[in-house]
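Just so it is clear, the structure is predicted and the values come from calculations on it, not from any experiment. Chain naming here is simple, since letters A, B, ... match the order of the sequence lines and numbering starts at 1 in each. Computed from heavy atoms alone, side chains included, the values below leave out hydrogens, waters and symmetry copies.
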Protein chains: 2
Amino acid sequence: MNVRTLCLGILTFQEASGYEIKKMVEDEVFSHFIDASYGSIYPALTKMMNEGLVSVRAEEQAGKPDKKVYSISQTGRQELANALAVDPAEDKFKSEFLFQVMMREFLPKSHIADIYDAQMQYLRDELEHIETSACNCPAGVTNHQGMEFVAGYGKACLSAGLKYLEEHKQEIIEPVVAKLKAVES
Amino acid sequence: MNVRTLCLGILTFQEASGYEIKKMVEDEVFSHFIDASYGSIYPALTKMMNEGLVSVRAEEQAGKPDKKVYSISQTGRQELANALAVDPAEDKFKSEFLFQVMMREFLPKSHIADIYDAQMQYLRDELEHIETSACNCPAGVTNHQGMEFVAGYGKACLSAGLKYLEEHKQEIIEPVVAKLKAVES
DNA sequence: TGAGCATATATCTTTTCGATATATGCTTGA
DNA sequence: TCAAGCATATATCGAAAAGATATATGCTCA
């Protein structure tokens, strides 16, 4: 699935600017399972405009530069349906944290303890983010079953990861702490 | 973290060809939290060769083309240590399956039921893969604490995801099944 | 016996990332 | 008070990476 399809999908919930789409994949529901940069979003929107999949409306704003608000067209909806009618690609999970844990013999002393704590905090923050952002969704959309489902899925995985880190902290951190103490004394 | 660092890290476990490195990030321990394509691995190895971070040895093979076996050099180990001495980037999780669930109003009829079952099977297969591949690690490496830790982490997250899918199958699939039955009758 | 798969290396095109540029208003602390 | 920094907003450039494809060979199995 490419950024085009992602943008079309988001635009079915509400019209939005490139900036707003980026915020959604960064902070809102989509953030748990999607990623896209400005460098891919803006060109995708421009191209789809020329192809008639979306339309633009310039919204004047006091002071700030004009906001280009994109809306999905009927052709765009058809294109989205076509793009979604395929088997989804396999999930991809990338974690530099886990890579560093694997490579911890090559890490500077005490680094592992630092990143381990930071990772637990990161997971706690993400969990809180899902729970507190009452809606976690594009403005105006409430009680969307799909959104609640993916939010719940994210919560389940994040919780499991956090629990695992809590349970295995000793075995990963202790040897380092012991070594540091030995060096100090 | 880039593919260079990834390759250097893998080469600390054992010397390997580009093909073997790809297999490791595809099938073995690394597959749970890392990804890289031939299009990034081969150029990275060639470049690091010219920079003296790795060395190559051509291994003749009956019939098959020569295998280029790469080994990490002392300079390479230093470079790896430097690259690892930074805070790891945030975890990234991409799931087209979850995106399709969010967009399921636009999916062809019955598609959601198909991909839901396929996703559960995929998670079961991944879990079994972690459990059965006795080692799940580069040849010769056993009882590596870091590897057991990341395998356990993967298991914890995958199990949580599978459990969530099992518990919420009804609410996602039922409406579709009901609609299909209504159409048939 | 021939189709397809596994091994093995490599490259090309397209996509995407990450950093940066530009412009402006608002907030906040020295 | 006023400058620094942050949030909003759009856009592009170069580098990195993905994904597809090319090439060559041997093995397996229907």
Nearest-angstrom distance from the residue atom CG of B:N2 to C1' of C:dT16:
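The distance from CG of B:N2 to C1' of C:dT16 comes to 16 Å, rounded to the nearest Å.
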
Roughly how many Å is it from CG in A:L45 to C1' in C:dT15, rounded to a whole number?
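Checked: the CG to C1' distance equals 15 Å.
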
Taking atom P of D:dA11 as reference, at what distance in whole Å does atom NZ of A:K67 sit?
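Taking atom P of D:dA11 as the reference, NZ of A:K67 is at 14 Å.
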
Axis-to-axis angle between the two ends of the helix from C:dT1-D:dA30 to C:dA30-D:dT1 (five base pairs per end, rounded to 10 degrees)
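Taking five pairs per end, the axes differ by 30°.
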
How many Å lie between CD1 on B:I21 and C1' on C:dA8, as a whole number?
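Rounded to the whole Å, the gap is 13 Å.
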
When you measure from the side chain of A:Y19, which nucleotide among D:dA7, C:dT11, C:dT9 comes out closest?
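Selected nucleotide (nearest to the side chain): D:dA7.
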
Ring-plane angle category for B:H168 and A:F149, please: parallel below 30°, perpendicular beyond 60°, tilted otherwise.
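Taking A:F149 first and then B:H168, their aromatic rings stand perpendicular (interplane angle over 60°).
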
When all nucleic acid strands are considered with a 4.0 Å heavy-atom cut-off, which category describes A:S17: base, sugar-phosphate, or nothing?
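Sugar-phosphate, backbone atoms only, no base.
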
Expressed in angstrom and rounded to an integer, what is the separation of B:Y70 atom OH from C:dT9 atom P?
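Those two atoms, OH and P, are 7 Å apart.
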
For the pair A:K22 (side chain) and A:A36 (backbone), establish whether a donor and an acceptor sit closer than 3.5 Å, ignoring hydrogens and angles.
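Yes.
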
Apply ring pair (Phe, Tyr, Trp, His ring centres under 6.0 Å) to B:Y122 and list each qualifying residue two or more places apart in sequence or on a separate chain.
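Expected list: none.
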
When rounded to the nearest 0.5 angstrom, what is the spacing between CG in A:L8 and OH in A:Y70?
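Between atom CG of A:L8 and atom OH of A:Y70 there are 12.5 Å.
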
A:E26 has an atom CD; how far is it from atom P of C:dT16, in whole Å?
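My rounded result for the distance is 17 Å.
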
In B/S/- notation (B base, S sugar-phosphate only, - none; protein heavy atoms under 4.0 Å), nucleotides 18-23 of chain D written 5' to 3' is BB----

Closest-nucleotide 5' rank along DNA chain C - winner of A:P43 and B:K23:
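Closest to the 5' end, via its nearest nucleotide, is B:K23.
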
Using a strict threshold of under 4.0 Å (side-chain N to carboxylate O), is an ion pair present between A:E59 and A:R57?
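Looking at A:E59 together with A:R57, the answer is yes, because their closest N to O distance falls below 4.0 Å.
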
Rounded to the nearest Å, what distance is computed from the CZ atom of residue B:R4 to the C1' atom of nucleotide D:dA16?
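It works out to 12 Å between those atoms.
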
Do B:K23's NZ or CZ and the ring of B:Y19 fall within the cation-pi criteria of under 6.0 Å and 45°?
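Yes, a cation-pi geometry.
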
Determine, for B:R4 against B:E51, whether the closest basic-nitrogen to carboxylate-oxygen distance falls under 4.0 angstrom.
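Salt bridge: yes.
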
Pair A:R124 + A:E128: basic N to acidic O under 4.0 Å:
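Salt bridge: no.
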
So, does B:K68 get its side chain near the phosphate of C:dT9, meaning an N or O under 4.0 Å from OP1 or OP2?
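No, because none of the side-chain N or O atoms of B:K68 sits under 4.0 Å from OP1 or OP2 of C:dT9.
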
Given atom CE of B:M24 and atom P of C:dA8, what is their separation to the nearest angstrom?
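Computing the B:M24:CE to C:dA8:P distance gives 11 Å.
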
Using distance alone, with no hydrogens and no angle criterion, decide if B:D117 and B:Q121 have a side-chain donor and acceptor under 3.5 Å apart.
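B:D117 vs B:Q121: no donor-acceptor pair found between side chains.
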
Is the distance from OP1 or OP2 of C:dA10 to the nearest side-chain N or O of B:Y42 less than 4.0 Å?
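Result: no.
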
